[in-house]
Amino acid sequence: MIADDARLDALVAAAADAREHAYAPYSRFKVGAAVLTESGRVHVGVNVENASYPCGMCAEQSAVSAAVTSGDRGIDAVAVVTEAVEPAAPCGICRQTLYEFNPGMTVVLANTAGARRVHRLSDLMPHGFGPRDLIGT
């Protein structure tokens with residue numbers, strides 16, 4: 001788990017900056033996410049809603065997609081920023097997406113008021129299903 005406050009501060013700041021670009025005309029719940037990869041690069045993402053509600057994309061998935069598109073696959077940490085009263089955790093689909101890349105990653109949950117919680121992904125998703133559970137992998 002990453003304990004370097006400066007790195008986590010920078011990751012939260014990147015997620016907060018990205019959040020401003022979220023496309024959330026229906027829920028008005030803007031989310032920004034940033035992932036820190038093993039290469040030291042930060043990739044950001046935002047939620048993108050769609051009039052056909054199930055077709056939207058979460059910020060965490062968007063950030064992971066940006067990392068993978070850039071050739072990064074080892075994710076050490078993710079920061080998620082919302083304006084919720086309490087920092088909001090990733091949804092189940094996003095937890096599963098993140099788990100695919102590193103069950104032990106650091107997860108920083110923050111809100112725009114400055115509240116912050118730090119977790120290990122495996123604590124947010126105990127007994128998760130991942131690549132090691134597939135036969136032959």
Side-chain angles (χ1 to χ4, degrees):
M1 194 145 120
I2 296 175
D4 182 345
D5 287 340
R7 286 176 60 186
L8 295 182
D9 289 346
L11 196 61
V12 169
D17 288 346
R19 182 186 163 278
E20 296 301 318
H21 301 288
Y23 181 73
Y26 308 106
S27 71
R28 307 261 190 261
F29 189 75
K30 292 182 174 188
V31 182
V35 295
L36 173 65
T37 62
E38 291 173 348
S39 70
R41 293 168 51 191
V42 172
H43 302 274
V44 298
V46 298
N47 58 320
V48 178
E49 294 180 349
N50 188 297
S52 176
Y53 290 105
C55 294
M57 178 179 277
C58 295
E60 299 90 333
Q61 292 171 314
S62 181
V64 168
S65 293
V68 171
T69 299
S70 295
D72 279 337
R73 297 192 185 230
I75 299 174
D76 291 333
V78 61
V80 181
V81 177
T82 69
E83 63 182 347
V85 174
E86 295 293 324
C91 72
I93 293 171
C94 288
R95 291 179 199 204
Q96 183 64 46
T97 299
L98 294 166
Y99 195 91
E100 180 77 14
F101 292 90
N102 179 359
M105 78 174 64
T106 301
V107 179
V108 184
L109 309 176
N111 66 16
T112 55
R116 185 184 296 186
R117 294 189 195 138
V118 180
H119 302 275
R120 184 179 302 275
L121 179 59
S122 57
D123 293 335
L124 294 176
M125 191 170 166
H127 313 291
F129 181 84
R132 72 179 184 285
D133 298 304
L134 297 174
I135 295 173
T137 58

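Counting begins at 1 with the first residue of the sequence.
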Query raised in the report: Between the side chains of Glu49 and Ser27, is a donor N or O closer than 3.5 angstrom to an acceptor N or O?
Result: yes
Report task. Flag yes if Val78 and Val44 sit in one hydrophobic cluster, no otherwise; membership is Ile, Leu, Val, Met, Phe, Trp, Tyr, and two members link when side-chain heavy atoms are under 4.5 Å apart. Result -> no
Requested in this report: Treating Ile, Leu, Val, Met, Phe, Trp and Tyr as nodes and any side-chain heavy-atom pair under 4.5 angstrom as an edge, say whether Val64 and Val107 lie in one connected cluster.
Outcome: yes
Query raised in the report: How far apart are the C-alpha atoms of Asn50 and Tyr26, what are their side-chain angles, what is the distance that settles it, and do they pass the side chain to side chain contact (heavy atoms under 4.5 Å, CB included) test?
Result: CA-CA 8 Å; Asn50 188 297; Tyr26 308 106; 5.7 Å; no
Query - Verify same cluster id: Leu36, Val81 (apolar side-chain graph, 4.5 Å) - result: yes
Report task. Give a yes or no answer on whether the side chain of Asn47 reaches the backbone of Ala22 with a donor-acceptor pair at less than 3.5 Å. Result -> no
Query raised in the report: Are Ile75 and Val42 connected in a single hydrophobic cluster, I mean Ile/Leu/Val/Met/Phe/Trp/Tyr linked by side-chain heavy atoms less than 4.5 Å apart?
Result: no
Query raised in the report: Would you call Phe101 and Val35 a side-chain contact if the rule is heavy atoms closer than 4.5 Å?
Result: no
**Report entry** Derivation of the side chain to side chain contact (heavy atoms under 4.5 Å, CB included) call for Asn111 and Val85
**Finding:** CA-CA 7 Å; Asn111 66 16; Val85 174; 5.8 Å; no
Query raised in the report: Is it the case that one hydrophobic cluster holds both Val80 and Met105, taking links as side-chain heavy atoms less than 4.5 Å apart, direct or via other members?
Result: yes
Query - Residue pair Thr82, Lys30: steps toward the side chain to side chain contact (heavy atoms under 4.5 Å, CB included) verdict - result: CA-CA 6 Å; Thr82 69; Lys30 292 182 174 188; over 6 Å; no
Show every donor-acceptor pair shorter than 3.5 Å between a side-chain atom in residues 116-128 and any protein atom, with sequence neighbours excluded, or say none if there are none.
residue: Arg116; atom: NH1; partner: Asp9; partner atom: OD1; Å: 2.7
residue: Arg116; atom: NH2; partner: Asp9; partner atom: OD1; Å: 3.2
residue: Arg117; atom: NH2; partner: Glu86; partner atom: OE1; Å: 2.4
residue: Arg120; atom: NH1; partner: Gly104; partner atom: O; Å: 3.2

Requested in this report: With sequence neighbours left out, write down each residue that passes side-chain hydrogen bond (donor to acceptor under 3.5 Å, both in side chains) with Ser39, or none if nothing qualifies.
Outcome: Thr37, Asp72
